[in-house]
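Since we're looking at a predicted model, the values are computed, not measured.
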Amino acid sequence: AGIEKAVYRPLRRAPTLATLIAAIGMSFILQNVGLLLNGPSPVSLPNILPKDNIIGPGRPLDTDRFFVVGVNNLGGCHGSTGPASINPASGKPWGADFPLVTVEDWVEAQARLADHLDIDAFAAIIGGSLGGMQALQWTINQPRRVRQALVIAAAPRLTAQNIAFNDVARQAILTDPDFHGGHFYAHGVTPKRGLRLARMLGHITYLSGDLMAEKFGRLLREGGLKFG
């Protein structure tokens, strides 16, 4: 298995201290050094974060101070080994036969990357959503390599209601005729209808009832109805 990474600043020396930042879809590393964590991403590596606002000289991830690396997690299919990769045993894409990967697996792979880069410890780990869960996992699996963790919009476990919503989202994908039991690569299609419905449901769960009312409530913004 291989892991794809994007480097934002040359590593001038072997770092002994790092910062880890996590978000949904990828991972990034800083020097002092920091790592940005996410789940598998549908977005290309260089565009996973608005780096013009976040990464660069004088920005929150200051490249005058930090060595920044983007990592596509295992299963992400954007450079790293994933379901779209060729299974050497069959000569076809892995598809649904790709091994199940967990947050623990991602953290282990990231730790191995840190070893490869001679990073001994992270000064901070910052992550949002699934990336936040990875940040939490770093503090559990690698406590000696993490000095601080900033976990954003994440929790150590899902509620029963959230698990139910996630299962409905999965069913939307599984029942899409283009899913083909997870082997859609071999058919040259993508279960777009199921993915669209799953994402719509996911975004509903991202908002509280109060925020939904503020955005889409019955109070008129301009005092009258407008159509078209």
Contact check, side chains of Q110 and Q134, non-hydrogen atoms, under 4.5 Å:
yes
Using the side chain to side chain donor-acceptor pair (under 3.5 Å) rule, collect all pairs that involve residues 156-169, keeping only residues at least two apart or in two chains.
D167-R170
Over all atoms of both residues, closest heavy-atom pair of G82 and W94
O-CD1, 3.8 Å
How close do G91 and I86 get, counting heavy atoms only, and between which atoms?
C-CG2, 3.6 Å
Might you point out which heavy atoms bring P93 and A84 nearest each other, and give the distance in Å?
CB-O, 4.1 Å
Out of curiosity, does L136 fall in the hydrophobic cluster containing V146 (side-chain heavy atoms, cut-off under 4.5 Å, transitive links)?
no
If we only count heavy atoms from C-beta on, is the M133 to L158 side-chain gap below 4.5 Å?
yes
Taken in chain and number order and not counting sequence neighbours, the residues that satisfy ring-ring contact (aromatic ring centres under 6.0 Å, His included) with Y185 are none
Residues forming a side chain to side chain donor-acceptor pair (under 3.5 Å) with T102, sequence neighbours excluded
E104, D105
According to a 4.5 Å side-chain heavy-atom criterion applied to Ile, Leu, Val, Met, Phe, Trp and Tyr, with indirect links allowed, do V103 and V101 form part of one hydrophobic cluster?
yes
So which atom in G75 and which in P83 form the shortest heavy-atom distance, rounded to 0.1 Å?
O-CD, 3.7 Å
How close do T190 and F184 get, counting heavy atoms only, and between which atoms?
CA-CD1, 4.3 Å
Students should find that the hydrophobic cluster of V168, defined by side-chain heavy atoms under 4.5 Å apart, otherwise consists of F165, L201
Charged N to carboxylate O below 4.0 Å: is that the case for R145 and D115?
yes
Heavy atoms only: give me the nearest A111-Q142 pair and the separation to one decimal.
CB-NE2, 3.8 Å
Co-members of the apolar cluster containing M200 [side chain, <4.5 Å]
L197
Return a table of donor-acceptor pairs under 3.5 angstrom between the side chains of residues 172-182 and protein atoms on other chains or two or more places apart.
unit_1, atom_1, unit_2, atom_2, d
T175, OG1, Q171, O, 2.6
D176, OD1, D178, N, 2.8
D176, OD2, R193, N, 3.2
D176, OD2, G194, N, 2.8
D178, OD2, R193, NH2, 3.3

